[in-house]
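This report concerns only the one structure given below.
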Protein chains: 4
Amino acid sequence: MDFDTRIPIYLQIIEKIKKDITLGKLKKGEKLPSVRSMASELKVNVNTIQRVYQELERKGITATQRGKGSFVMEDEEMISKIKDDMAKRLIESFVEGMKELGYGSEGIVKSIHEYMREE
Amino acid sequence: MDFDTRIPIYLQIIEKIKKDITLGKLKKGEKLPSVRSMASELKVNVNTIQRVYQELERKGITATQRGKGSFVMEDEEMISKIKDDMAKRLIESFVEGMKELGYGSEGIVKSIHEYMREE
Amino acid sequence: MDFDTRIPIYLQIIEKIKKDITLGKLKKGEKLPSVRSMASELKVNVNTIQRVYQELERKGITATQRGKGSFVMEDEEMISKIKDDMAKRLIESFVEGMKELGYGSEGIVKSIHEYMREE
Amino acid sequence: MDFDTRIPIYLQIIEKIKKDITLGKLKKGEKLPSVRSMASELKVNVNTIQRVYQELERKGITATQRGKGSFVMEDEEMISKIKDDMAKRLIESFVEGMKELGYGSEGIVKSIHEYMREE
DNA sequence: GTGGTCTAGACCACA
DNA sequence: GTGGTCTAGACCACG
């Protein structure tokens with residue numbers, strides 16, 4: 001995993017984990033790697049991962065049990081909400097960026113269609 | 001002008017100026033206010049405005065002439081080239097992001113349409 | 001028995017046992033279940049129960065006899081003395097805390113009354 | 001300021017600041033000491049204070065502006081809510097503790113009255 | 001000068 | 001073995 005220097009590492013890891021959950025790579029109830037093993041795997045400090053897990057718990061995405069580990073929450077609804085949220089954020093920032101460049105609604109839709117056709 | 005605490009003030013001001021240019025409020029060749037006057041008008045630190053002008057110049061949007069001030073670039077073609085480039089990069093990263101979330105081509109187009117309709 | 005993740009399991013079990021003693025479910029002199037049987041019954045690690053018994057003994061609530069097991073203490077007077085002491089400490093720290101929050105004597109008494117009424 | 005070893009330092013500092021706000025020692029809109037000055041004053045690491053300010057912001061008690069500092073929120077209602085919350089937590093844990101010791105509602109009220117009279 | 005992030009390394013509480 | 005807290009010290013972004 002490569003990190004974008006402009007964005008805090010811990011945020012990038014959070015996004016990665018959320019993505020893995022929505023894609024089913026991490027299943028409900030499954031145990032996440034221990035703080036230390038994930039830290040060494042990603043070549044990152046333990047504290048950074050600890051922050052990641054803390055934030056995930058605060059958002060209700062995982063639950064942490066001292067001495068046991070962190071587990072993905074079993075809440076189906078929550079997971080689909082995460083996916084919708086992430087998609088919405090992507091779309092918003094995309095549309096906003098295009099508008100700042102002077103594109104109107106039709107222009108944006110048209111550009112996307114063109115891009116898809118080329119691919 | 002009110003600022004969103006979450007985003008650096010200097011970025012917010014840059015966006016404002018870029019918008020003013022595309023909307024024709026600031027015309028090609030026109031002189032921007034001096035660093036000091038803009039700073040006092042927006043009730044913002046002089047350093048902040050200095051950074052704004054620096055970034056604008058770096059992006060080729062304005063040109064600074066020592067002792068005279070900053071001026072909006074006259075080079076129309078260059079600006080439109082930059083715009084196309086930025087748009088392409090925006091679209092690419094957007095599509096890539098959506099695919100990582102598990103969306104296919106149709107899903108992406110559909111999401112954009114839905115979002116536009118809501119707005 | 002369900003456990004609250006925020007509080008150490010061993011503390012929750014201790015409280016449960018203390019309650020059982022005051023309610024007479026566990027009588028003076030009675031033998032507590034073995035570490036292993038209690039652990040398997042509560043689906044909890046053996047170490048955890050060991051710590052529970054250790055703490056109970058440290059507090060003088062039980063006594064452990066090697067090879068025989070743990071027994072609820074018979075010393076009634078000592079237990080009631082401990083209780084009075086604990087109660088006094090509880091009250092003191094409570095009153096001190098309320099005063100730090102700016103409550104006067106009447107305010108404290110009033111708050112307690114209100115809380116009791118709600119319950 | 002002395003710290004109780006059993007409770008995380010950052011939590012103790014948070015409680016201290018909340019108390020100061022409810023008591024009017026820290027007024028609405030007022031600037032909190034900088035992370036570094038508070039850290040050196042309390043002889044605590046900078047990171048620890050940073051966590052304190054972060055949590056306070058997350059709870060809506062303060063607002064932080066990068067490069068400027070942290071400020072107490074101007075929300076009157078929020079402040080009185082903090083006080084009520086803190087008092088409620090104190091009362092709850094006190095009553096719960098007394099009940100575990102075998103005191104009934106009348107016993108608790110009586111004990112408080114006695115304690116107040118002695119003082 | 002101010003907050004934000006990160007590292008390396010330590011010690012503790014819990015299961 | 002697992003998470004939680006803390007320290008010392010560093011570098012960066014922002015005003």
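In the text below, chain A, chain B and the rest are named by the order of the sequence lines, each starting its count at 1.
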Exercise for the section: Kindly determine whether B:Leu101 and A:Leu90 satisfy side chain to side chain contact (heavy atoms under 4.5 Å, CB included), including the steps that lead there. Expected result: CA-CA 10 Å; B:Leu101 277 179; A:Leu90 269 180; 4.1 Å; yes

Fill in the blank from the handout: Those stems involving DNA chain F that have three or more consecutive Watson-Crick or G-U pairs, both distances under 3.5 Å, are E:1-14 with F:1-14

Handout entry: Length of the line joining D:Phe3:CZ and F:dC6:P, which is rounded to integer Å
Key = 9 Å

Exercise for the section: Mind calculating the distance between CD1 (A:Ile49) and C1' (F:dT2) to the nearest angstrom? Expected result: 14 Å

Practice task
Mind calculating the distance between CD (D:Gln12) and P (F:dC6) to the nearest angstrom?
Solution key: 8 Å

Problem - Electrostatic pair B:Asp84-B:Lys88, nearest N-O below 4.0 angstrom - result: no

Problem - Check: C:Ile7 main-chain N/O paired with C:Gln12 side-chain donor or acceptor under 3.5 Å - result: yes

Practice task
Indicate yes or no: at least one non-hydrogen side-chain atom of D:Ile79 is less than 4.5 angstrom from one of D:Lys28.
Solution key: yes

Fill in the blank from the handout: dist B:Lys68:NZ -> B:Lys31:NZ (nearest 0.5 Å) comes out at 11.0 Å

Exercise for the section: Using a strict cut-off of less than 4.0 Å between a Lys/Arg side-chain nitrogen and an Asp/Glu carboxylate oxygen, indicate whether C:Lys99 and C:Glu96 qualify as a salt bridge. Expected result: no

Practice task
Could you verify whether a donor N or O on one side chain and an acceptor N or O on the other, from C:Thr64 and C:Ser70, lie under 3.5 Å apart?
Solution key: yes

Handout entry: Any A:Gln50 side-chain N or O less than 4.0 Å from OP1/OP2 of F:dG4
Key = yes

Exercise for the section: Round to a whole Å and report the spacing from CD of B:Gln54 to C1' of F:dG15. Expected result: 14 Å

Problem - Distance, rounded to the nearest Å, where D:Glu55 contributes CD and F:dG4 contributes P - result: 13 Å

Practice task
Can you check each nucleotide of nucleotides 9-15 of chain E against protein heavy atoms at under 4.0 Å and return B for base, S for sugar-phosphate only, - for none, in 5' to 3' order?
Solution key: B-B-SBS

Completion exercise
Closest non-hydrogen atoms of D:Thr22 and D:Lys19, given as atom of the first, atom of the second and distance, are OG1-O, 2.8 Å

Handout entry: NZ/NE/NH1/NH2 to OD/OE distance under 4.0 Å, D:Arg89 and D:Glu15
Key = yes

Fill in the blank from the handout: In whole angstroms, the gap separating P of F:dG15 from CZ of D:Phe71 amounts to 13 Å

Handout entry: Whole angstrom value for the distance that separates C1' of F:dG3 from CG of A:Leu56
Key = 14 Å

